[in-house]
Each structure stands twice: as structure tokens, then as C-alpha cells.
Amino acid sequence: MSDPPPPHHDAGARPGPLLPVQDGRDGALMFVIAVLCALACLAVLGGAAADRAARGWSADLKTSATVQVRPKPGETSAEAAARGAEALAGVNGVAEARALDRAAAVKLLEPWLGKGGVPDDLPIPELVTVDLDPAHPADAAALSAALAKAGVDGSVDDHGRWLADVERTALTVRVAAVGAALALAAAAAAAIGFATRAGLQARREVVEVLHLAGAEDRFVAALFQNRFARLSAWAGLQGMAVAAALWTLLRLLAPADGFSPLLPQAWRDLWLITPCVFIAGAIGAISARSSAMTMVRRGYGSGDGAER
Amino acid sequence: MSRRNVNAIPTDDPSAGPVLEFQAVAMRYGRSPEVLRDIHLSLAPGSFHFLTGASGAGKSSLLKLIYLAHEPSRGLVRLFGRDIATLPRSELPWIRRRIGVVFQEYRLLDHLSAFDNVALPLRIAGRKLSDYRSDVAELLHWVGLGARMHALPPTLSGGEKQRLAIARAVVARPDILLADEPTGNLDHEMGQRIVRLLIELNRQGTTVVVSTHDRSLVEPSGMPVLRLEAGRLYGVSAAA
């Protein structure tokens, strides 16, 4: 018992972890968190794509107008449309105005009536399509005034009714995407909280020894906080990688701008999911710390209520 | 091994009075009958006591009250001049750091090496490895475990675990050392050495309470004896 210590020793080269490293439940928890993170990332990517589509439609509607012209007695429809286009072309805030000929108008009806389904004698309104200056678009009143001034009988549709629908849809998509991501984050937090409580219960003996050796509650909570922060960040990285891989696969397999016109993909969207690792780590840390603090203050269970 | 104050805690009056005082203390587990009743006890700083009694007499329960693992069901407990009933939870760790405990069942952390087990109280107190490495190694040699620093507790014998638990209890130079059957798994010779170690610590100023039912350890020491019978502390006497 009184042997002198050797002059050199490597004991305690690095302190061992106060919590046992291996836990059979960690793998299952990591899988759950990774899946939740992947779903959250896909929700964000899907929301970004849908939002882009809605913004595109909204921009198209905002920068165009359609004018229906009615010919004067003795005037052909084509002449009336041409006169209307000429009157509108000079209005401030109009980039271009062009009369839509019958062939183009028939083509617009094909989705509903089928190819060749439009009888030759079917009266089709004469339309003028107006491209507005995106920076300073002319409003419906200015267009109507220009038509009246030129003596053209026409009615202006500035797409306002559709615009409201599209913008409402875009807002719904954004809220749904954020809501889905938040719900998944809450599910991950709940799973981590549950795992922390189970882990603390399973390591009750270790925690009790730490307490009796003078560990403060926050010291014990920090052990679980750090452990689950690392685990969650690693799971978040894996979930993010899976989501990014799926998204990339769709992007590469899809033609042009993406898998569907409803979900136009852009490579820059991948930046949106990079915070997943940090958010997952933060959720893991906060949830684990909160659960551990609650539990150690309650006496981490199983006692008779008088243990400290 | 020089004495070092690694823990500082505000006390009502740290320089005066007993380090431990029980007045009419009782304790029960849950709704069961009281296992300790009407305990009056006062330990002076630097005192040494054996705590004896038959199995089930309440020795371990009394020690649990002292090392703040359990609350009394009634009575007054003062540690280092502080009434523990009014002590905020945030101050419990500071009191506990002044108490070293050798548990009957060792309570070593099986996933940590012998070195890390002994260093545990120092890590918890915020000491850096570079500060305590040589102290812990020296202590492990002192208790005869210098060659087993890297061993995990499950690979140690009962006696080795016992000595490891003792080393962990004393490494932070506690003001009070509680030992619950510290020689229970040791042969007589090793048991005597452990007692001598405890007495040496006591000479350096540590208040020591050793729970044991081994009269062969108690009687030669000549130290005062606290005797528990059926939950009652019957008195303090010098060993015969």
C-alpha cells in the first residue's frame, strides 16, 4: 500500500466519459431522429418548390392583363382587336399589347373542348393580351381609360381575382411546409425527451453516485444534454443527407426545371436544409437538458419520495 | 498528502460547534415503520467514531441521513452548522463535497477505470486532470492499486474494489468521512491496514465515522463507539 509511484505513468491520459458510452437504445433513437429530420427537410424543400411555383404564377398574373374587345358595327373582330392593341401599346406601364388571333384563341380552348372540337362558326371573343412593365405596371383603370379614349369598346381583366387565389395558395403552402417542419421538430424533441428520461432511469445508479459525490443538477443535466446534442446533430446530418439525396435524384431524373411544374426545383434550395444539423443538435440539447433537470429535481424516480 | 481545501461553502459559523448534530431525529422509508428513532448525536470536528450494531439496526440508514441521501422524517439535522431542512437544493452539492463516503456495496462506476473512479469527486469539483493526475496516482499506489489504474471495477476482486472505494472517498480530503462496513470484504490484515489508513486521515483533521460489526477492528483501536439497536442510538462509549 505504500509502494512509491513510478516516475512516469500514463494513467488518466484522458478522463473517461461519466456516462457509459454504449446504450442499445441510442441506435433506435438516432434512426427515429434521422427519419424525422429527413421528413422535415423534404417538407422544407417541397414547400420552397411549391412557393416558387406560386410566386411564378403570381408574377405572371401581376404583369399581364387581358382585354376583351367588342367590334363596332361594320367592323370585324380582328380590326377591333388590332385597334385595341394599338390603343393600349402606348399606355405608360404597358410593355407590349397584341391582338390574339382566332387560331391562338381556339388553341386556348383546346384543353376543355379538345383538338378540333371548336366549331368554325362558334363566336369567340376577340382578346388583346397585354404585357405590363414589371417595375411600374399600368392598372386596369389606365387601360380602360386608354380604350375609351381610342373609342374601343372593351373590358379589362387584370387577373385580380386569380391573383388573390394564387397568393392565398402560396401562403397556404408556406404555412403548411413550416407547420410540417415544426411538427416534426416537436416530434423529435418529444422522442429525445423520452429517451433522456429512459436513459436517466437506466443510469440511475450512476447519476446517484454523481450526486452523492457532489455533482450539481446542472452538471448531471449537462452530461445528458451533451450526449443527446451530439447524437441528434449526427442523426440530423444523416436525415439531411438522405433528404438531399432524394431531392437530387428527383432533380436529375426530372426534365427542365424539376419533377413537376407544381414543384419547380432549384439547386440553391439545398442551402435551406443545411441548418438541419444545428437545429437537430439544439433540439436534442434543449430537450435532453429540460428532461434531465426535471427528473433529477424530482429525485429520478423509484425512491420513496424522501431521497434527496 | 497535504491537506487541501477544494470546496468552499458558506456556513453559519464554520469555526465553531460540531460538524454534525442530530436532535430527536427519526427516519422511515415511505410509509414503513421508523427505522431510526429519537437519535441525538453530536460529532466534534476531527473526532473518530465506530458505529456498531446488528444487521438491520439502522447503521446504513443513519449514514444515509449524514451523507444527505435521505431526509429525516422528523427532527433536526445540522451539518457544518447548517440546518439541512432549510438548506436550498442548490447548496446540497457543496455540503456533499465535504463528505466522503465508502459505500457498503462500493457503488463504483463500472464503465470507468480505477483511476477515473478515484478522480470522480475531483472532476465533479471542477478540478483539471493536470491538477489531480499525480495525486490520484499516488493515492492508488497508497491503497495498493498502483498497478491496476486502468482496470475496470468488474475485473477487480472484492478487496480491490473496497480499497478503490476508500480511495475515492478520501481523494478530495473531505471534512467528514463515512465508511459503511469498509472492511467487510477484506482479510483481517488488510482490514487493519484500512483502519490504520482511516485513523491516519482522522489525525489529519478528518471527522471519521466507521460503521462495522467487526469487533476485532473496534476493540484494539480504543476509539469511541456509537451503538445502534433497533433504530435507537444508545450512547457513546470508548471501546473496551
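All values below come from the heavy atoms of this structure, side chains included, with hydrogens, waters and symmetry mates left out. Naming convention: chains lettered A, B, ... in sequence-line order (proteins, then strands); numbering from 1 in each chain.
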Determine whether A:L18 and B:L120 make a side-chain contact, defined as any pair of heavy atoms from C-beta on separated by less than 4.5 Å. yes
Got a second to check how far A:L212's CG is from B:I99's CD1, nearest 0.5 Å? 9.5 Å
Does CZ in A:R174 sit with more than 12 non-hydrogen atoms of other residues, nucleotides or ligands closer than 6.0 Å? yes
Within this structure, what is the CD1-NE2 distance for the pair B:I124 and A:H211, rounded to the nearest 0.5 Å? 9.0 Å
Applying ring pair (Phe, Tyr, Trp, His ring centres under 6.0 Å), can you list everything that pairs with A:F219, at least two apart in sequence or on another chain? none
Decide if atom CH2 of A:W271 counts as having more than 12 heavy atoms of other residues, nucleotides or ligands within a radius under 6.0 Å. no
How many angstroms lie between CG in A:L210 and CZ in B:R96, if you round to the nearest 0.5 Å? 11.0 Å
Out of the candidates B:L112, B:L109, B:D110, only one should pair with A:V206 under the side chain to side chain contact (heavy atoms under 4.5 Å, CB included) rule; please name it. B:L109
Check: A:G16 main-chain N/O paired with B:D116 side-chain donor or acceptor under 3.5 Å: yes
Quick test of your reading of the model: are A:E216 and B:R97 salt-bridged, counting only N-O distances below 4.0 Å? yes
Search all heavy atoms of A:G214 against all heavy atoms of B:P93 and return the closest pair with its distance. O-CB, 3.2 Å
If we ignore hydrogens and angles and just use 3.5 Å, is the side chain of B:H111 paired with the main-chain N or O of A:P17 as donor and acceptor? yes
